[in-house]
Structure formats: C-alpha cells, structure tokens
Enquirer: 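Mind looking over this structure? Questions follow.
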There are 2 protein chains.
Amino acid sequence: MTGLEDVAKLAGVSPATASRALSRPELVAEATRERVREAARTLGYQPNVLARSLRQRGSRALGLVITDILNAFHATLAKAVQDVADAQGYTLLMFNTDEEPAKERRAFETLRGHLPQGLIVVPTPATHRNLDLLPGLPVVELDRASGRAGAYTVMVDNEVGAYRAVTHLAALGHRRIGMIVGRLDISTAVERHEGYRRALLEAGLPYRPELVLPGDHREAGGRAAAHTLLTLPPAERPTALFVGNNEMTVGAVLATRDLGLRLPGDLSLVGFDDSRWAQTILPALTVVAQPAYELGALACQTLLARLAGEPVPTSVRLQTTLIERDSVAPPPAGRPLSQTAGSA
Amino acid sequence: MTGLEDVAKLAGVSPATASRALSRPELVAEATRERVREAARTLGYQPNVLARSLRQRGSRALGLVITDILNAFHATLAKAVQDVADAQGYTLLMFNTDEEPAKERRAFETLRGHLPQGLIVVPTPATHRNLDLLPGLPVVELDRASGRAGAYTVMVDNEVGAYRAVTHLAALGHRRIGMIVGRLDISTAVERHEGYRRALLEAGLPYRPELVLPGDHREAGGRAAAHTLLTLPPAERPTALFVGNNEMTVGAVLATRDLGLRLPGDLSLVGFDDSRWAQTILPALTVVAQPAYELGALACQTLLARLAGEPVPTSVRLQTTLIERDSVAPPPAGRPLSQTAGSA
DNA sequence: CTGAAAGCGCTAACAT
DNA sequence: ATGTTAGCGCTTTCAG
C-alpha cells in the first residue's frame, strides 16, 4: 500500500503538509497543494480510512439497519439511502434484522465498533431499547417510529392513507370491510388500523373486531388471515378487504384464488404500498402508494443535514396516494345487507 | 467510549493481557481470562474495530458489490451473502453499481480504503479492468464471470439451463423460437445464448439472427424487444420466446398483453430465473429457476474458505431447474410451418 | 504557510 | 502467563 508518507516524499514535503493539501486544501499554498495532488495521483494514493477515522474519532460511514431486504419496499428504501449517502461520499454499513430484535442488537453492537457518524434504522419492536447501545449517535428512524423520545422520524402518513382507502370502499357501498392489519407492535400497523377505524366511524359503520385480523407482514400470514376472513359465513363475510402491507396483499390475492373468488366481482381489495406485482397482476390492484424512494432519500438527507449542524424537522410525514385500479367495485348486489346494518 | 484500557484497569491487568484475554483466550490463564471478560461485560466494552484493523492491517469486513439491489434475484444474492458473512462475524460493506462501470470503480476505490479482507462482486463489463484497483485482494465473482485469469467464480450453468428450456420448446413442436438475450458483454447472456443455439442445432432448427434480440436486462428493454419480435409478419413471427432474465420476462409478458396475444395459446414463453411474480402471474410462467440463495451463500463461503487458507475450487457451477408451468404449449395449429422449414 | 511530534485504540514482538 | 514497548497511517496541536 502506498501511504501518505510516500506521497509526501515524492512531493518533497512533510506528511503533515501532504495531509493538509489533500484534506484541507485552504491551509496550503497553491503551488504546494498542486505538487502534492500530483504526487498522490501518480502513486494512485488512496487514504486509509481506518487510520483517518481512528484519529478523527469517527468514520465517514453511516449505518443502515433495515428489516427485510427481500421486501421490494425495503429494498427501495435501501437503494435510496445508498444513493444519497454515496453522492455525499459516505460509506454505508448495512445490516438486515429480519424483524428480529436479537439481530438488531447484534447489528448495533457491530456498528458501534465502526464508529459511524449516524444511523438510519427501520425500527423493530425492540429498537427503543436497543438504541441504548449507541448513546449519542444521531439516528433517523425510517418508515416506522420506535417511540423513543426526541427521535427523528421520516414516515408516511399511514393514518390518512388507510383512512382514504377505507373511505373509498365505504363510498362504494361496502358495509363489511375487513382489514388485515399487521403486527400491532409496529407503528405503521397501528396507524393504518387507526385510519381504518376512523373511516368506518365517519362512514357510520360499526367496527367489528372479528373482521380485523393481525398478520406477520409476510405473504403466508396475509394468505392465512384472508382465508379466515373469507370463509366466514356469507352474512358475516366482508365484501371488501383492506390489507396493511405489500407482502400480505400478495397472500390475500392468493387466498381469493384458493377460494375461487373473483376480484372485484366477489370481493374488493385495496392494498397498502404499490409494487410492480400490484400493477401487473390481473386485475391490477387498487393500492395506497407510498413514495418509497423519496422516503429513503429524505431520511438520509435528514441525517446528513443533522450531521452538518443544519436545523431539521424532528418528524416528517410524506403523503400517500390512492391509486385506483381494477380490484375495487361496489359490493355484489345479491348479498344481504340487512344483517349487516344491525348496529349501525 | 469505554476502551480496552478501562477494562484492563478494572480487571487489574495490562492492556495487552486484556486484549489477549478477549481475542486469543488460549494465551491467558483461565482465572485472568474470566476476570477480564467480566470487566468487559460490566463496562459494556465494544472493541474499536478501526484501531484493531489498523493494527492488524486488515479489517474483519468484506466488500459486496452488486449490480442492482432492486432486482429480486440480486437482492436474494445479497441477503445470502449477508447471512453467511454475519454468521461468521464479518461486516459487509455493500455497494450498488447499477451496471455502471464508473460506479463500480468508485465502489472499489472506497472499498480499498477500508482494507477489506475480500470481495464478492457481480461483475459489470468493466470489472476486468477495475479489479486492478484492488491488487492482491481475494475476490469471488458471483453470478457472472469477468473473464479475469485465475478468478474464482460461483455461477449457474447458464448454457445447460438455456439449452433445456429451448429443447423443451422444440420438443413441443415449435420451429420458430425467438430469444431476448441480454447484453452480450455479460457472461450470463453469452452462455444462455450459446445454450439456445445448441438446442436449436440439436433440434435441427436453423439459427435465425432476426429472432434474437438484445435487451438491457430491464423490463422496458424486454418489452420493446418482445414487441419487435411479435409484430413480425405472421410467417416470420416466433411461436415461442425464451427470455434471458427475470426483468425482461416481465417486459415480454406485458408486450403480449399490449398486443392482445394469449399465453400460451398464441405464444409460448419461458423465462430465465424464477420469481414470485412468475409464480403468481396468470398464466404462471414456465421458467429456468436458479438457486439464488445458494449461489450467494456459496460465494461467501468460498471467499471465507479461501481466507482461511482452505483449498477451494476455482469455479463452481450450480444447476438450474426447468419448472414447467402454464405459459408453454404446442404451437398454434393454424400457423403455417411450411415457410419455416425452408432452410432446415 | 510548513514541520515536528504526539496520539487515536489496539495488538504483536520482545522481554521476563 | 503477563507486562513493556512500539507502531499501524493518519491528523492535529504547537512551534516556528
């Protein structure tokens, strides 16, 4: 490895000056600066970031801890964070938690040893505690909130997104609208559930706990939950389903196929989070779209701005968009509504 | 930050002993070892990997450079590499190249400064040259080969995979089989193309250059290429299509929809690389499935084995599986075959 | 504006 | 088996 000393020697200066010429050019005379740069170029000098970071007590690296890189939404978040970090010359140390608090804990521990400048994390239910491992580190929470006091968060307005989706269904005449909600120890699920609830309330529809099933945010969970809801007795079965994330939406669609139900004839479906899958499946799915890339980019920008000492808002909410496609229609005419109106 | 010195003080030993107790326990008396470990635990000591790596002239980190994290296949590769690296206590420095040589170059430069122990790379067409930036670094090429002499590679048997797919189509009676091939400066595309060619040859079918179109490995490119092939005059139009990667396959399916062609009635289609999309689209797609996770895991294992000085094969090929689903059928009966037989 | 010298936290000789 | 010492490559006081 060619080091700074080699460069200094070739340029005929001390290592200190060479360092300054490359890192803080304004402290060095123009002529010297150029000589050093030239020397660095000819030698193909690449600074040893380990030594630099050790000395400066902090590396030009950021931690990114996400929950599931195989989920297209999260992969998009990661890509966006990468792009921004990269553009600013930061290296990303990326970890996957698979939603497991223990893995997140290990990720934080490993990260600590690398002295990153900051962290972007998609919280698990344990992030609140695990962040104690990184005292003083600037953190931006992405997509979800850990509930930590004073945390910086970049999220989507889940409550309004869900509210609009369910209102849309109610406006079409649906009276029994089910929801597959996700894990209630994750903030997005809670908020989407609240939006669902408010939409029902404002539409004058009763909230029926038996129509609200938790899922695990994965395809299998969504499929099982949808199966349960759609095999209820005809009078109780929902005519529309609002599904709380992209993977569970896939499961729900597969469940309708298992049961021979047609979309939107037999059932209306709205998913949360758009995807190519939702766009290209037949019928194309009506969804609450999230600006995934913007979300990730904004999180990274927020973190970098904080590091630069610029004032940044503690909490940012981006808006979702209801994209109407072909999986929603008025409820089937032949279905009895009398029973349903019971407690309204 | 609590450092090794604090631990040593608390345990009543020298920093050197503390270091040994934690990193090379066999060099230290049992009692001392326990005392140091205890001290480390109570202080919540976390080693500074920067200092350690600087001293040891190499960090316990690996580089992973992939081309497109938004592609599910590549995301799966990345996940697998992560899992294995993580299990062995290695940190992954991950970079995205978007297939751009310049980005790959920057990734390599950045990586170098971090003194990684090794690198796993999905090569771009420029990897051959760019690797000069990392002289002496153990490298494993994943999914594709850069063409570097002596490189370690972990790939799929693309030639055989493609051969089987096309043979399958030919056996069903297809005589005009088109291919959307990908960029011919990428080894997988070349190999799949060779398999296509051999299958044609063995089936006694002529190789028709006009039925072979390059794509850019993305959806839009596949769609455009398929559109071109499927709007050829009826006598020249292919009755079956073999598509060289997952994203272009999506494009090809969308093109059939644009043109109102039914699968498999009007056209048979085989894609390379399975995906949930291919499984759940209607009709479900016949594909050449790749063991993506195994591929990534094996690449990381190969690299780690090399680092451990164990002998490892220079080149590993995993087999693909032809999964027959519903996008393939015999060619439409009404189509004239006479014209086609011309040069056979 | 530039150089000399110290030290970031750790580990590897070298001693004992 | 443990302590002492030196130094990884860089940046940063502190002098000049």
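Letters A, B, ... mirror the listed sequences (proteins, then strands); counts begin at 1.
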Enquirer: Atom SG of Cys300(B) and atom CG of Leu62(B): how far apart are they, to the nearest 0.5 Å?
Expert: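 Separation between the atoms: 5.5 Å.
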Enquirer: Please name the pair of heavy atoms, one in Leu4(B) and one in Ser19(B), separated by the smallest distance, quoted to 0.1 Å.
Expert: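 Scanning both residues completely, I find the closest heavy atoms to be CD2-CB, 3.6 Å.
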Enquirer: Quick check: closest heavy atoms across Arg144(B) and Glu141(B), and the distance to 0.1 Å?
Expert: O-CB, 3.5 Å
Enquirer: Could you tell me how far apart Leu115(A) (CG) and dC8(C) (P) are, to the nearest whole angstrom?
Expert: 14 Å
Enquirer: Would you mind reading off the distance between Leu22(B) atom CG and dA1(D) atom P, rounded to a whole angstrom?
Expert: 17 Å
Enquirer: Rounded to whole angstroms, how far apart are NE2 on His114(B) and C1' on dC10(D)?
Expert: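 Distance check: His114(B) NE2 to dC10(D) C1' gives 15 Å.
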Enquirer: Is a side-chain donor or acceptor of Ser187(A) paired with a backbone partner of Ala145(A) at a separation under 3.5 angstrom?
Expert: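 At least one qualifying donor-acceptor pair exists.
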Enquirer: Considering heavy-atom distances to DNA chain D, does Arg20(A) or Pro47(A) have its closest nucleotide positioned more toward the 5' end?
Expert: Pro47(A)
Enquirer: Within a 6.0 Å radius of atom CZ on Arg317(A), are there more than 12 heavy atoms belonging to other residues, nucleotides or ligands?
Expert: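 Atom CZ in Arg317(A) is crowded, with more than 12 foreign heavy atoms closer than 6.0 Å.
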Enquirer: Would you say dG3(D) has OP1 or OP2 under 4.0 Å from some side-chain N or O of Ser14(B)?
Expert: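 Result: yes.
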Enquirer: Would you say Thr17(A) places a side-chain N or O within less than 4.0 Å of OP1 or OP2 belonging to dG3(C)?
Expert: yes
Enquirer: I want to confirm an ordering. Mapping Leu54(B) and Gly12(B) to their closest nucleotides on DNA chain D, which one lands closer to the 5' end?
Expert: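 Going by which nucleotide is closer to the 5' end, it is Gly12(B).
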Enquirer: Assign Ser53(B) to base, sugar-phosphate, or nothing according to its heavy-atom contacts below 4.0 angstrom with the strands shown.
Expert: nothing
Enquirer: If you compare all heavy atoms of Thr124(B) against all heavy atoms of Glu104(B), which two are closest, and at what distance to 0.1 Å?
Expert: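 Shortest heavy-atom separation between Thr124(B) and Glu104(B) comes out as OG1-OE1, 3.0 Å.
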Enquirer: Between dT11(C) atom P and Arg55(B) atom CZ, what is the distance in whole Å?
Expert: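 So the two atoms are 9 Å apart, to the nearest Å.
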Enquirer: Any side-chain N or O of Gln56(B) less than 4.0 Å from the OP1 or OP2 oxygen of dC10(C)?
Expert: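 Answer is no, no contact under 4.0 Å.
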Enquirer: Within residues 26-46 of chain B, find the residues that approach DNA chain D with a heavy atom at under 4.0 Å, and present them sorted by residue number.
Expert: Leu27(B), Val28(B), Ala29(B), Thr32(B)
Enquirer: For Arg24(B) and for Leu50(B), locate the closest nucleotide of DNA chain C by heavy-atom distance; then report the residue assigned to the nucleotide nearer the 5' terminus.
Expert: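 Nearer the 5' end of the strand: Leu50(B).
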Enquirer: With a 4.0 Å cut-off on heavy atoms, is Val49(B) in touch with a base, just the backbone sugar-phosphate, or nothing at all?
Expert: nothing
Enquirer: Is there a donor and acceptor pair closer than 3.5 Å between the side chain of Arg57(B) and the base of dG7(D)?
Expert: no
Enquirer: Using every non-hydrogen atom in the two residues, find where Val139(B) and Arg306(B) come nearest and quote the distance to one decimal.
Expert: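 Looks like O-NH1, 2.9 Å.
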Enquirer: Roughly how many Å is it from CG in Leu4(A) to P in dC8(C), rounded to a whole number?
Expert: 20 Å
Enquirer: Nearest whole angstrom, please: distance from the C1' of dG9(C) to the CZ of Arg52(A).
Expert: 18 Å
